[in-house]
Every structure is written in structure tokens, then in C-alpha cells.
Peer 1: 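Before anything else, here's the structure in question.
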2 protein chains.
Amino acid sequence: MPGTGYDQDDMSRHDPGTRRATISDVAREAGVSPSTASVVFSGKTPVSDATRRRVLDAAAALGYTGPDPRAASLRRGRSGIVGVVFEEHLGQAFLDPVKTLMMDGLADAVGPLGAGLLLLRDHEPAGSDAAQAAGPSLTTAPLDAAVLIGCSGMLRESLETVKARGIPVVVIEGDAGGDVPRIDLDNREAQRQLASHLRALGHRRAAVVTLPVRVDWERGWIGDDTAITVDVTRDRLAGALDVFPDAPAYAAAGSFIDEGLAAGREIFADPDRRPTAVIAQSDLLAAGVVRAAEEAGLRVPEDVSVTGFDGIVVDGLAPYELTTAVQPAADKGRAAGAAVAAMMEGRPAASIRFTCTFREGNTTGPAPGSAAR
Amino acid sequence: MPGTGYDQDDMSRHDPGTRRATISDVAREAGVSPSTASVVFSGKTPVSDATRRRVLDAAAALGYTGPDPRAASLRRGRSGIVGVVFEEHLGQAFLDPVKTLMMDGLADAVGPLGAGLLLLRDHEPAGSDAAQAAGPSLTTAPLDAAVLIGCSGMLRESLETVKARGIPVVVIEGDAGGDVPRIDLDNREAQRQLASHLRALGHRRAAVVTLPVRVDWERGWIGDDTAITVDVTRDRLAGALDVFPDAPAYAAAGSFIDEGLAAGREIFADPDRRPTAVIAQSDLLAAGVVRAAEEAGLRVPEDVSVTGFDGIVVDGLAPYELTTAVQPAADKGRAAGAAVAAMMEGRPAASIRFTCTFREGNTTGPAPGSAAR
DNA sequence: TTGTACGCGTTATCAA
DNA sequence: TTGATAACGCGTACAA
């Protein structure tokens with residue numbers, strides 16, 4: 001039986017139309033060796049103009065549009081893809097102006113590196129239906145590096161996965177432990193500064209509106225027994241408590257104006273226990289608190305002062321301008337990009353802690369009845 | 001000489017630490033064939049428990065964390081990556097609530113498909129410095145499919161690239177021509193409906209605030225000679241002109257409240273030519289127009305009516321609720337995902353035109369002095 | 001400047 | 001249930 005048949009495999013085996021041309025096909029058509037054809041496309045080695053022409057013509061004739069990225073990335077060992085891992089639903093993440101800015105910086109930083117950003121979700125809760133169907137996790141995506149974004153303990157698992165795979169990884173706003181470069185803020189210090197500002201204005205009774213304390217948090221007061229697994233939340237809260245040790249804290253379910261509004265209503269509900277200052281852990285929350293204050297018939301800042309955090313532009317808050325800590329969000333993204341770039345080239349990458357800038361707006365003023373006015 | 005030496009290749013040949021273990025290493029360690037080891041990880045074929053144990057143990061011992069995605073994707077011919085191509089800077093794109101929602105739907109739809117989203121920018125202007133350094137374009141990224149988002153003619157080039165590569169492609173809000181499935185809205189009809197609403201209220205003098213007419217547009221009035229390369233802009237404008245043929249149109253430089261504000265100031269500047277209704281091509285623009293009206297001492301809707309487009313929640317616009325056309329943004333994303341999914345499985349995918357829903361808010365009312373009140 | 005030879009790490013197929 | 005074999009499509013020493 002051997003030796004009998006034609007070699008029509010290619011035509012018969014592949015169902016639709018003809019097989020895509022490969023670089024070998026091009027080379028054959030052009031009458032050169034595959035390696036020469038390869039070089040024409042990569043430009044790694046000088047090629048005579050005549051040869052290049054022939055190869056390019058052959059490619060055009062065959063409809064060959066360049067090396068298959070899959071094969072190329074196997075060969076070179078690099079895919080040109082940087083994974084960005086979020087904890088939340090992607091849509092949620094992009095609702096956050098700070099994350100948006102970060103992505104911006106990140107994209108800037110990895111672009112020149114020849115890499116693109118692959119959006120990834122953190123591990124689905126194990127066993128869930130979603131986990132079955134889930135897309136390419138850290139495990140299955142062809143990543144050259146990964147940037148973990150977020151704060152919660154859930155990151156741990158992703159972190160292990162990615163470290164086990166031996167690809168460079170950087171964490172933004174989260175504690176990765178050990179040897180993983182970390183990009184974050186002086187959250188505690190910045191929050192302390194805002195709180196001190198309030199104290200200097202004579203405020204003695206403050207309340208805190210925090211970001212979620214963990215991923216699946218529903219809004220509510222934080223008790224002594226509430227475990228705070230989100231680093232940002234914990235650190236900023238610590239900064240506030242450094243100055244107002246007794247301040248009650250209400251945790252929102254997310255960084256949204258509506259959440260701030262809900263928290264504000266709760267906080268302003270009892271006239272007897274009403275604070276003269278509210279420390280919100282994000283500008284959006286602060287905007288909601290301001291609105292809640294108005295709703296409760298309180299003037300800002302005459303009756304109650306409000307501070308934010310982030311330094312983003314909050315639409316629709318005019319004429320208010322939040323007193324806030326401005327964080328360099330885009331710079332954080334850029335730094336993360338630079339860090340993975342360094343690691344991909346084998347250079348070490350250091351952790352960076354960025355500093356916030358205090359910005360006084362018109363939402364803070366002397367405490368009512370205080371001598372500070 | 002053969003038969004003499006140890007087999008220490010692995011230790012000596014590869015510079016840093018030891019080479020990563022491959023599935024063959026694992027197979028050898030476990031005493032099974034590579035194909036069996038492969039099957040253990042892919043689960044494509046039943047394997048005896050004993051064998052599985054041995055392989056898994058061997059993997060653990062060697063620190064093997066699963067098949068290399070690059071090799072796997074070469075072999076299977078699929079990478080599990082769907083490219084999402086934007087025209088603008090990524091950060092810009094995510095500032096747009098509509099795009100954010102779309103991404104959301106898209107992520108939903110491709111997830112179950114086992115795919116992730118790779119963020120890609122449209123081609124840099126050829127010859128620019130950026131183009132040199134640019135990351136993985138459509139040409140170099142290992143995509144299984146691509147979703148083109150946006151509207152301008154620039155998409156053409158991306159489209160050619162991607163079609164030449166023979167990968168499935170879907171276009172959202174753009175004219176791809178021919179055989180490329182298209183996901184879009186009944187922009188013209190929806191806009192016409194809003195305009196008709198105004199006309200029914202007695203308005204006769206309307207102005208339009210449009211989205212950018214092309215990618216690099218600076219804000220300004222649209223003249224007879226202004227070429228509009230952005231489909232959405234053109235279609236919505238056509239819908240408005242269907243009802244108000246003489247309406248002047250001012251094109252903003254982007255879909256932002258601030259842009260709407262600037263446009264509104266321009267439109268309300270001359271008291272003699274002041275319209276009684278402003279048709280904005282997005283809710284954000286409309287919000288800005290409302291603000292400009294307030295600024296000019298005009299009451300909304302008593303002195304001037306304003307319509308939006310999109311049906312998003314505009315923060316800070318309370319107590320106004322825009323009269324607008326609500327578009328199913330997330331559904332658009334989901335449909336795009338479904339379409340690429342279908343094409344990846346060889347099934348045909350049809351274009352889909354979604355329909356907007358008219359929603360009356362409190363920013364439109366009878367024309368001043370009209371009988372319609 | 002061009003060609004030869006080899007392997008990157010998998011997985012599909014088929015036979016045992 | 002397991003194993004042998006053969007690609008997948010390319011890049012790159014190295015030799016010519």
C-alpha cells in the first residue's frame with residue numbers, strides 16, 4: 001500500500017477552501033529558502049532588494065499576510081501580551097475613574113514594549129458555574145507578564161498561579177508579599193493628612209465612609225469584628241483613625257455617588273450623633289455624602305465638612321470642589337508598565353510608593369461653633 | 001564516545017536556574033507517554049485514576065503548572081483571544097459610559113467561549129513615531145477574532161488587515177461593507193423620533209450638538225463643506241435634519257459634559273438666533289447643554305428644550321432627567337460576542353440593528369409661546 | 001547574502 | 001486506557 005497514492009492530503013484533509021499559506025509556501029513560490037523568507041518579514045538580517053521583492057510578491061500572490069503570531073510566539077518564547085487582572089466584573093472596573101486612568105498609563109507604558117493588554121478576571125469563586133465556563137485565566141492565557149489590580153486577599157490565589165508559571169508580575173494597590181514589586185500609595189499618610197486638616201479646623205466628631213471591606217460586601221457599619229481584607233480600605237481607615245480614634249465607619253458597597261449618598265443618609269440620620277465632619281475614602285463617595293448632607297438640610301461646609309480621596313473630576317458636583325488627596329493614578333499605571341518591562345528584560349524592578357497631594361476645596365471649613373473660625 | 005557521559009544537559013546548557021519543565025519531562029518522570037500526560041491536563045480522554053495521580057504528582061514535583069499556552073495555541077490553532085480595536089486612546093474609550101457598557105456585554109459573551117479580550121488601538125497614523133514603537137497591532141497579535149469599535153473611515157485599514165488574516169471580525173457602530181457582520185443602532189430613526197417629539201411640542205427653531213465628525217476634530221460649527229466620516233454622527237444628524245432641515249449643527253470634540261457646555265454657550269450666545277430646542281447627540285453633551293442654558297439664564301424646559309441620546313445615567317444632572325433615546329449598549333456588546341463566537345465555530349453571523357427606546361424626561365416641553373401648551 | 005537543520009511544547013490521530 | 005507518530009508554523013545558529 002505504501003507508495004501508491006498521490007499526495008493530495010492538503011486538498012482533501014482541510015475542509016473549507018484551501019489551507020492558509022505558510023511562510024514555506026511563500027518561500028517555495030519565491031524560489032528561496034524558508035529562512036530567507038522569514039528574514040524578509042522580521043528584518044533581522046539584511047536581504048538583497050531583489051530577493052525581498054520576490055518574497056513579497058510571492059506573499060501577495062498567495063495572500064500571505066505575515067508570520068502566524070501563534071507560531072512566532074512559541075518560537076520566540078514571547079507573546080507580546082500583558083495580562084491585567086481585575087477582581088471585579090470588567091464593567092465595574094471601568095466605572096472607576098481611577099482605574100481608567102491607571103489603564104491609560106499602563107497602556108502607555110507597555111505599548112512601546114510591543115505588548116498589548118489582555119483583560120482578565122480574577123478567579124471565579126471556585127465551583128461556581130461561571131468557573132466552568134470561564135475564559136482564559138492566568139493559567140491558560142499566553143502572557144508575558146501580569147499586572148494584578150486590586151486589593152483583596154483573593155489576589156493571593158491569582159498570585160500563586162502566576163508566580164508558579166514563572167512570569168513577571170506586578171501588583172497595584174495590594175500586598176503581594178515577598179519579591180513581587182508593588183505599586184501603591186501612601187494611603188494611610190494621605191488620609192491622616194486630610195483628617196488632620198479637619199482636626200485643625202476644630203472638628204472633633206468625625207465619621208468615615210469607607211470603600212468595601214471585602215469583595216462581596218454589602219453596605220453597612222463596620223464593627224470591631226469586621227475583617228477588612230481590602231488593603232486600601234484598611235490603610236485609609238487607619239489613617240483616619242490615627243486622628244479620630246473613635247470615629248464610626250460606614251462601609252459602602254462600591255465607589256459610587258449613590259453609595260456615598262446612602263452612607264450619608266445613614267450617618268446623618270440621627271441628629272444627636274451627627275458628626276461635624278465626614279471622611280470619605282473616595283471622591284465619588286464624598287460627592288454622595290455632600291448630596292446627602294444637602295438632603296438633610298445641612299450646609300457644606302458650614303454645618304458639615306466632607307473630604308474625598310483620589311482627586312478625580314466629579315461631574316455634577318459644582319459648585320463644590322472637594323477637599324481631597326490627589327493621587328497620581330496614571331503614573332501608577334505607567335510605573336507598573338515600566339516594572340513589568342524591566343522584569344521582562346531580566347532587570348530587577350523595585351516597588352514604588354506614590355505620594356498623594358493634599359488639595360483644599362470648598363467642602364471643608366471650621367467646625368460649627370468652634371473657636372477655629 | 002557515545003555512551004560515556006551523564007545526561008546533565010539540562011543543568012549545564014540553560015543559563016539561569018533550570019529550564020522550565022515541559023510536559024515531556026512530566027511524562028518521563030511519571031513513566032508515561034507525553035500524550036498520556038497531555039490528556040491528563042486537557043481531560044479530553046478518560047484516564048485511569050492511578051495514571052492521573054502519577055502524572056499530577058510528577059508535575060507537582062517538577063513544578064509544572066500546565067501546558068504552555070503558546071505551544072497549545074499553536075497546536076490547536078486557537079489562542080482564546082479576541083481583539084477589541086478602538087480608534088482612540090484607551091483611556092478615552094473608557095471614559096465613555098456607552099463603550100464601558102458594551103465592553104461589559106462583550107466580556108460576558110466571550111467568556112463562556114473561553115476567550116479573553118485584548119485591548120488594541122487602531123493603526124497609529126502611519127509614519128508617526130508612535131507607529132514605530134507601537135505594540136501588537138492586528139497584524140502581530142495572536143487573535144482568534146476581532147471586534148472593531150468605532151465609526152470612522154480609519155477603521156477601513158484595520159479591517160483590511162484583519163480580513164486579510166482571515167480571522168472572523170465584527171464591527172460595532174461602523175460600516176464595514178460587504179460580508180462583515182455589523183452591530184449597530186437605528187440611529188437615524190431614533191434621532192428622528194426625538195426630533196419629532198420636539199416638533200410636536202411646537203418647536204420650530206432647533207440646533208444640533210453633534211459628536212465629533214472625524215477623529216481629530218476640534219469643536220466648531222458644521223458647514224456645508226464639512227465631511228462627516230463618523231457614521232454615528234452622520235446618521236444621527238440626518239435624523240435630526242429629517243425633521244428640522246434648517247437646524248444649524250455644532251460639532252463637539254468628544255462626548256463630554258464640558259464639550260456640551262462649550263457647545264451650548266456657543267449656541268445660546270446670540271439672543272436673536274437662539275433656538276427653542278437643542279438636540280444633542282449624547283446624554284453627556286445634553287447635560288452640558290442644560291448647564292449652558294442655566295448659565296445663560298434660560299430655564300429648561302420652559303425656555304429651551306434639550307434632548308440627549310444613549311440613555312445612560314448622568315451623574316449630577318438631578319433634578320433633570322433627560323428626554324433621550326435609550327440604547328441597549330450592553331446588548332450590543334453581547335451581540336458582538338455572540339457573532340464572533342458563531343463565526344469561530346464556522347456558523348454564519350448576521351448583522352444586527354438594535355432599536356432605541358424613546359424615554360421622556362423633564363428636559364423637553366412645549367415651545368415658548370406655542371399653542372402646543 | 002542565502003540555505004540547512006533543528007527544535008520551540010503541544011496535541012490529534014490512530015493503532016495497540 | 002495508553003502510546004507512537006506526526007505535525008502546528010516559525011526563527012535562528014551555523015555553515016556555505
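Reminder, nothing fancy here: chain letters follow the sequence lines and each chain counts from 1. None of these values were measured; they are calculated from a predicted model.
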Peer 1: Under 4.0 Å between a side-chain N/O of B:Ser33 and OP1 or OP2 of D:dG3, yes or no?
Peer 2: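 Checking D:dG3 against B:Ser33, a side-chain N or O does come within under 4.0 Å of OP1 or OP2.
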
Peer 1: Tell me, please, which residues at least two apart from B:Asp104 pass salt bridge (charged side-chain N to carboxylate O under 4.0 Å, His left out).
Peer 2: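 Result, salt bridge (charged side-chain N to carboxylate O under 4.0 Å, His left out) vs B:Asp104: none returned.
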
Peer 1: Polar atoms only, N or O, under 3.5 Å: list the protein pairs with nucleotides 13-16 of chain D and their distances.
Peer 2:
none

Peer 1: Separation of A:Arg20 atom CZ from D:dG9 atom P, in whole Å?
Peer 2: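 Taking atom P of D:dG9 as the reference, CZ of A:Arg20 is at 10 Å.
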
Peer 1: Whole angstrom is fine here: how far is it from CD1 in B:Ile23 over to C1' in D:dG3?
Peer 2: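 Interatomic distance, CD1 of B:Ile23 to C1' of D:dG3: 14 Å.
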
Peer 1: With sequence neighbours left out, which residue pairs that include part of residues 29-72 of chain B fulfil the ring-ring contact (aromatic ring centres under 6.0 Å, His included) condition?
Peer 2: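 Sorted result for residues 29-72 of chain B: B:Phe41-B:Tyr64.
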
Peer 1: Does B:Arg334 have any salt bridge (charged side-chain N to carboxylate O under 4.0 Å, His left out) partners at least two apart in sequence or in another chain, and if so, which?
Peer 2: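 For B:Arg334, the residues satisfying salt bridge (charged side-chain N to carboxylate O under 4.0 Å, His left out) (neighbours in sequence not counted) are B:Asp108, B:Asp331.
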
Peer 1: Using a strict heavy-atom distance below 4.0 Å, which residues from residues 37-57 of chain B are in contact with DNA chain D?
Peer 2: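 Result for residues 37-57 of chain B: B:Thr45, B:Pro46, B:Val47, B:Ser48, B:Thr51, sorted by number.
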
Peer 1: Test of understanding: with salt bridge (charged side-chain N to carboxylate O under 4.0 Å, His left out), list the residues that count as partners of B:Arg182, not counting sequence neighbours.
Peer 2: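 For B:Arg182, the residues satisfying salt bridge (charged side-chain N to carboxylate O under 4.0 Å, His left out) (neighbours in sequence not counted) are B:Asp175.
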
Peer 1: Expressed as a whole number of angstroms, how long is the span from A:Arg78:CZ to D:dC10:P?
Peer 2: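 Rounded to the whole Å, the gap is 18 Å.
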
Peer 1: What's the CZ-C1' distance between A:Arg76 and C:dG9, to the nearest Å?
Peer 2: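 Roughly 17 Å, once rounded to whole Å.
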
Peer 1: How are the rings of A:Phe94 and B:Phe94 set to each other: parallel, tilted or perpendicular (split at 30° and 60°)?
Peer 2: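 The rings of A:Phe94 and B:Phe94 lie parallel, inter-plane angle below 30°.
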
Peer 1: So, using side-chain hydrogen bond (donor to acceptor under 3.5 Å, both in side chains) as the criterion, who are the partners of A:Arg28 when residues are at least two apart?
Peer 2: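 Expected list: A:Asp25.
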
Peer 1: Among all residues two or more places apart in sequence or in another chain, which pass the side-chain hydrogen bond (donor to acceptor under 3.5 Å, both in side chains) test with A:Thr36?
Peer 2: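 side-chain hydrogen bond (donor to acceptor under 3.5 Å, both in side chains) list for A:Thr36, sorted by chain: A:Ser33.
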
Peer 1: If we only count heavy atoms from C-beta on, is the A:Val170 to A:Leu148 side-chain gap below 4.5 Å?
Peer 2: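 No, side chains not in contact.
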
Peer 1: With sequence neighbours excluded, tell me which residues meet salt bridge (charged side-chain N to carboxylate O under 4.0 Å, His left out) with B:Lys332.
Peer 2: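 With neighbours one apart ignored, the set is B:Glu173.
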
Peer 1: Going by the salt bridge (Lys or Arg N to Asp or Glu O under 4.0 Å) test, which pairs reach into residues 29-50 of chain A, not counting sequence neighbours?
Peer 2: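 Matches after skipping sequence neighbours: A:Asp49-A:Arg52.
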
Peer 1: Filter on salt bridge (Lys or Arg N to Asp or Glu O under 4.0 Å), then keep only pairs touching residues 341-351 of chain A, sequence neighbours left out; what's left?
Peer 2: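 Residue pairs with at least one partner in residues 341-351 of chain A: A:Glu345-A:Arg347.
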
Peer 1: Tell me, which of residues 65-75 of chain B have any heavy atom that sits under 4.0 Å from an atom in DNA chain D?
Peer 2: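 Contacts with DNA chain D under 4.0 Å: B:Leu74, B:Arg75.
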
